Amino acid sequence: MKLPEKLVTLRKQRGLSQEAMAEQLGVSRQAISRWEQGSAQPDAGNLFQLSRLFQVSADYLLDDTMDHPVQPAPSTSADPLKKRRLAGLLLAAVGLLGNLVIYILSRIIAVTVTTTYHIDQIQQSYQSNETIHSWKYFIQVYDLEVLTALLCFLLVGGVALVLVSWPPVRSKLFD
């Protein structure tokens with residue numbers, strides 16, 4: 001089967017008109033008509049777009065001896081987007097788990113906080129030491145500000161990486 005016949009067959013299988021196919025490829029309807037009549041050949045860029053549109057290899061489109069598209073062999077390597085998604089999930093999990101551990105420790109371990117009270121009418125103040133369970137003061141007393149910030153960055157960065165590598169979100173952002 002020659003390229004013009006393959007183009008007509010693939011277009012009709014997808015239920016596309018020449019106009020709709022031309023719009024998806026960014027060419028004129030007349031170009032599609034010429035390709036299907038065999039009076040012109042698509043260039044390399046359009047051939048690539050055709051193979052993506054019809055989900056067939058360029059070899060199938062160009063080789064007149066191939067009557068049926070060859071299904072690609074299953075890939076042994078994982079999809080790069082899946083790897084990014086997994087990395088994002090791991091980063092987010094580490095950030096969330098780290099912050100959760102710090103929060104739980106702040107509820108278990110009490111810290112002593114010095115509070116200053118001002119009495120306005122007398123113009124005097126006094127200090128009081130209180131033992132409380134507070135996430136904020138726990139981080140300050142044990143100098144965990146940098147660690148907590150790092151864990152928050154991991155959480156936010158991981159979620160962002162997952163979202164950016166998720167196909168529906170990725171197609172809206174980059175296509």
Side-chain angles (χ1 to χ4, degrees), residues 1-105 135-136 139 144-175:
M1 188 184 310
K2 296 198 179 287
L3 176 63
E5 297 165 337
K6 290 178 184 178
L7 292 177
V8 171
T9 303
L10 290 168
R11 179 177 58 80
K12 288 184 178 178
Q13 283 176 352
R14 297 281 192 274
L16 294 172
S17 65
Q18 285 183 345
E19 183 86 21
M21 184 173 152
E23 188 176 310
Q24 288 187 5
L25 296 174
V27 297
S28 68
R29 188 203 55 78
Q30 290 80 6
I32 301 295
S33 177
R34 286 192 300 269
W35 297 345
E36 289 182 352
Q37 291 172 358
S39 62
Q41 293 280 327
D43 64 13
N46 288 326
L47 192 63
F48 176 72
Q49 292 289 66
L50 285 166
S51 68
R52 288 185 72 193
L53 175 66
F54 295 127
Q55 297 174 346
V56 296
S57 69
D59 289 342
Y60 166 72
L61 292 173
L62 294 174
D63 191 351
D64 293 343
T65 62
M66 295 177 73
D67 289 336
H68 301 290
V70 177
Q71 296 299 327
S75 175
T76 56
S77 65
D79 180 18
L81 291 179
K82 287 183 181 178
K83 287 182 182 178
R84 286 187 197 158
R85 230 177 303 148
L86 180 61
L89 286 172
L90 289 174
L91 286 174
V94 167
L96 182 64
L97 185 63
N99 277 304
L100 185 63
V101 166
I102 291 174
Y103 177 78
I104 290 171
L105 288 175
W135 184 72
K136 173 185 170 186
I139 289 172
L144 300 175
E145 290 91 352
V146 174
L147 177 64
T148 305
L150 175 67
L151 292 171
C152 287
F153 284 131
L154 286 175
L155 178 62
V156 171
V159 169
L161 187 58
V162 168
L163 289 177
V164 167
S165 64
W166 212 267
V169 174
R170 184 174 176 78
S171 65
K172 288 181 183 174
L173 290 176
F174 299 112
D175 290 342

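Here, residue 1 is the first one in the sequence, and each next residue gets the next number. Basis for what follows: all heavy atoms, side chains included, without hydrogens, waters or symmetry-related copies. Given the structure is predicted, the values throughout are model-derived calculations rather than measurements.
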**Q** Under the side-chain contact (heavy atoms from CB on, under 4.5 Å) rule, collect the residues that match up with I104, sequence neighbours excluded.
**A**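 Listed in chain order: L100, I108.
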**Q** Just to verify, what does R29 make a side-chain hydrogen bond (donor to acceptor under 3.5 Å, both in side chains) with, not counting sequence neighbours?
**A**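 For R29 the side-chain hydrogen bond (donor to acceptor under 3.5 Å, both in side chains) partners, ignoring immediate neighbours, are Q18.
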**Q** Does a sphere of radius 6.0 Å around CD in Q30 hold more than 12 heavy atoms from other residues, nucleotides or ligands, not counting ones at 6.0 Å or beyond?
**A**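 Enclosed: over 12 neighbouring heavy atoms sit under 6.0 Å from CD of Q30.
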**Q** Taking only residues two or more places apart in sequence or in another chain, which ones pass side-chain contact (heavy atoms from CB on, under 4.5 Å) with L147?
**A**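 Testing L147 for side-chain contact (heavy atoms from CB on, under 4.5 Å), a comparison that skips the adjacent residues, returns I102, L144, L151.
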**Q** Of all the heavy-atom pairs spanning I32 and A22, show the shortest one and how long it is.
**A**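 In terms of heavy atoms, the two residues are closest at CG1-CB, 3.7 Å.
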**Q** Please find the pair of heavy atoms, one from R14 and one from L53, that lie closest to each other, and give the distance.
**A**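 Of all heavy-atom pairs spanning R14 and L53, the closest is NE-O, 3.9 Å.
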**Q** How many angstroms lie between CD in Q24 and CZ in R52, if you round to the nearest 0.5 Å?
**A**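 So the gap between those two atoms works out to 12.0 Å.
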**Q** Could you pull out all donor-acceptor pairs under 3.5 Å where a side-chain atom in residues 38-51 meets a protein atom, sequence neighbours excluded?
**A**
unit_1: S39; atom_1: OG; unit_2: R34; atom_2: O; d: 3.4
unit_1: D43; atom_1: OD1; unit_2: G45; atom_2: N; d: 3.3
unit_1: D43; atom_1: OD1; unit_2: N46; atom_2: N; d: 2.8
unit_1: D43; atom_1: OD1; unit_2: N46; atom_2: ND2; d: 3.1
unit_1: S51; atom_1: OG; unit_2: F48; atom_2: O; d: 2.7

**Q** What distance do L10 atom CG and E5 atom CD have between them, rounded to the nearest 0.5 Å?
**A**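 Reported value, rounded in 0.5 Å steps: 11.5 Å.
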**Q** Please report the interatomic distance CZ(R85) to CG(L163), rounded to the nearest 0.5 Å.
**A**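 Separation between the atoms: 11.0 Å.
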**Q** Rounded to the nearest 0.5 Å, what separates atom CG in L150 from atom CD in E145?
**A**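 Taking CG in L150 and CD in E145, the distance rounds to 13.5 Å.
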**Q** side-chain hydrogen bond (donor to acceptor under 3.5 Å, both in side chains) with Q37: which residues, sequence neighbours excluded?
**A**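 Here the qualifying residues are S33.
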**Q** Please report the shortest heavy-atom distance between D59 and M66, naming the atom on each side.
**A**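 Of all heavy-atom pairs spanning D59 and M66, the closest is O-SD, 4.0 Å.
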**Q** Give, for atom CZ of F153 and atom OG1 of T148, the distance between the pair rounded to the nearest 0.5 Å.
**A**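 It comes to 11.5 Å.
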**Q** Please find the pair of heavy atoms, one from Y103 and one from W135, that lie closest to each other, and give the distance.
**A**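 Reported closest heavy-atom pair: CA-CD1, 3.6 Å.
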**Q** Please confirm whether the backbone N or O of L62 pairs with a side-chain atom of K6, one donor and one acceptor, at under 3.5 Å?
**A**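 Flag not set: sc K6 to bb L62 has no pair under 3.5 Å.
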**Q** According to side-chain hydrogen bond (donor to acceptor under 3.5 Å, both in side chains), who are the partners of D64, at least two apart in sequence or on a separate chain?
**A**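 Checked D64 against side-chain hydrogen bond (donor to acceptor under 3.5 Å, both in side chains); zero matches.
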**Q** Evaluate the side-chain proximity of T9 to M1: yes if any heavy-atom separation is below 4.5 Å, no if none is.
**A**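 In short, these two side chains touch, coming nearer than 4.5 Å.
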**Q** Does CD belonging to E19 count more than 12 external heavy atoms closer than 6.0 Å?
**A**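 Result for CD/E19: open.
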